[in-house]
Amino acid sequence: MIPSYLQQIPHGKEKGTFLALDLGGTNLRVCEVELLGNSKWTMRQQKYKVSEALKVGEVTDLFDYIAGSVDHFLTEIGTNATEDEKLHLGFTFSFPVLQTALAAGTLINWTKGFECKNAIGKDVVQLLQDALDRKHIHVRCSALVNDTCGTLMAAAYERGDCLCGGIFGTGTNGAYVEDLAKLTKMGYSKEDLEQSKAQGLDFMVVNTEWGAFDNERKVLPFTVFDSRVDRISINPRKQAYEKMISGMYLGEVTRNVLLHLVDSQVLFSGYSTKALNAHYGLDTALMSALEAPFVPNSTESADPVKHIRSVLTSSLGFDDARVTDADCIAAARVSEIVGTRGARFAACAVAATVRQTGGDQADADGREMVFGLDGSLVEFYPRFEQRVRDALVELLGEDVTKRVKIVLAKDGSGVGAALCAQAAQAMETKGASTGK
Ligand code: ADP
Ligand code: MG
């Protein structure tokens with residue numbers, strides 16, 4: 001787990017104008033967020049393309065481009081902020097970094113097609129700040145943000161409080177609020193802890209990196225299908241838990257089970273298709289389609305077999321004549337089993353967070369625990385939340401589960417990052433050192 005150095009959670013009353021910068025997806029995104037102080041906010045944003053040349057060139061060229069984009073945003077899109085005050089910026093940098101302070105972290109390695117020279121081991125906040133300063137842009141990068149922490153902050157602002165931010169999209173990860181005294185790896189002394197308490201800084205958001213849980217393969221009940229998905233993935237023996245849960249892999253597990261049934265001659269008369277044979281040939285979104293007829297009151301529930309048949313023929317290339325009604329029901333059932341298993345594992349992370357923070361104890365009576373979740377599985381996979389809740393009842397009991405509030409928290413890298421910049425400012429007011 002990784003300390004975020006974030007020791008301030010919004011309650012919804014915060015006000016002000018902050019910038020957010022998001023690098024690591026398809027585009028570079030610059031946002032200006034205005035916090036209205038009533039749990040609401042407004043945002044202006046602009047996307048900027050990062051060319052292939054920039055992705056593999058000198059790192060200073062990349063950061064000059066980023067600073068130039070911020071400059072363009074401020075001059076062209078405009079700002080609500082007053083001229084003389086420095087704007088605070090939260091920087092979501094979605095690459096592996098070793099964070100050493102709220103506003104400091106060194107790049108461990110590039111991923112996702114980036115390969116800039118002279119960057120590894122450098123402090124990415126310093127790189128950004130230097131580029132901003134070279135252009136005399138009146139902006140200060142005050143927080144380096146992991147998107148799970150941003151998700152937590154966004155949910156907290158909207159709901160007044162939040163215990164955990166989680167992402168169930170392409171991958172999965174979560175961040176939660178922990179007592180400072182329990183973070184033994186930080187090596188705080190008794191005096192440090194006392195001082196933090198006096199400053200109102202006795203907790204910290206922790207980035208769990210839970211996707212990497214059980215990479216040692218000692219706890220989770222792996223099947224042969226999981227082993228196969230892992231073995232031919234680009235990162236074997238890594239992200240073990242994630243590979244049973246997230247969007248990138250659920251479809252692939254389903255595909256492998258279906259192929260096993262085909263090879264066992266019990267499904268589709270023993271025939272596969274080009275799509276089903278292809279590595280990652282079954283997108284997780286297809287599971288939503290296959291299971292649609294089993295969502296109560298859905299339009300597809302009128303004739304389940306007809307709907308599933310159309311999915312199998314149109315999206316997986318099956319020959320209509322070769323698909324029996326029983327094949328349709330079986331294929332949807334496989335999807336349902338893999339998806340339910342994934343949601344039940346997701347519930348384990350939620351339940352673990354509740355237990356670790358004492359929410360299941362008798363003295364926690366009445367305490368609400370907000371989980372701000374983001375990602376396509378939460379948003380679009382039918383029954384994902386219901387499956388999580390059903391598993392939570394098994395793990396935590398009815399009463400504790402009732403106090404778990406799951407809310408959809410979108411845009412951790414936009415409004416969430418801006419809230420991290422706001423938190424940095426508030427922490428400095430309380431006397432915390434944030435690294436700069
Ligand atoms: P990211 O985590 O990169 O921000 P998303 O949250 O959009 O991305 O999640 C993308 C993942 O969600 C993909 O792996 C995709 O297969 C899966 N996905 C997209 N739509 C659906 C859907 N309707 N049902 C289930 N999974 C979906
Ligand atoms: Mg996302």
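Index from 1, following the sequence. Note that this is a predicted model, so its numbers are computed, not measured.
- In summary, the aromatic rings of Tyr157 and His11 are positioned with their centroids too far apart to meet the 6.0 Å limit.
- A donor-acceptor pair under 3.5 Å is absent between the side-chain atoms of Ser298 and the main chain of Phe294, judged by distance alone.
- Counting heavy-atom neighbours within 6.0 Å of Lys238 NZ, excluding the residue itself, gives a total of 12 or less.
- Checked for salt-bridge contact, Arg44 and Glu32 meet the test: a charged N lies under 4.0 Å from a carboxylate O.
- Looking at Lys405 and Glu385, no side-chain N of the basic residue comes within less than 4.0 Å of a carboxylate O on the acidic one, giving no salt bridge.
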CA sep, side-chain torsions, deciding dist, call: Gln239, Tyr241, side-chain hydrogen bond (donor to acceptor under 3.5 Å, both in side chains): CA-CA 6 Å; Gln239 300 300 96; Tyr241 182 63; over 6 Å; no

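- A distance-only check finds no donor-acceptor pair linking the side chain of Asn27 to the backbone of Arg29 [under 3.5 Å].
- Using the six-membered ring where Trp is involved, His72 and Tyr48 have ring planes that are perpendicular, over 60° apart on the 30 and 60° scheme.
- Between Arg333 and Glu336, at least one side-chain nitrogen of the basic residue sits less than 4.0 Å from a carboxylate oxygen of the acidic one, meeting the salt-bridge criterion.
- Glu158 has no carboxylate O lying under 4.0 Å from a charged side-chain N of Lys40, or vice versa, which leaves the two without a salt bridge.
- Residue-environment remark: NZ (Lys182) exceeds the threshold of 12 foreign heavy atoms within 6.0 Å.
- A cation-pi arrangement is present between Arg387 and Tyr381, with the terminal nitrogen or guanidinium carbon under 6.0 Å from the aromatic centre and inside a 45° cone about the axis.
- Between Lys243 and the options Asn235, Asp226, Thr172, a side-chain hydrogen bond (donor to acceptor under 3.5 Å, both in side chains) holds for only Asn235.
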Criterion salt bridge (Lys or Arg N to Asp or Glu O under 4.0 Å) on Lys47 and Asp22, from CA distance to verdict: CA-CA 9 Å; Lys47 287 181 178 163; Asp22 181 9; over 6 Å; no

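- The pair Glu115-Lys55 does not count as a salt bridge, with every side-chain nitrogen at least 4.0 angstrom from each carboxylate oxygen.
- Judged by a 6.0 Å distance limit and a 45° cone about the ring axis, Lys112 is positioned over the six-membered ring of Phe95.
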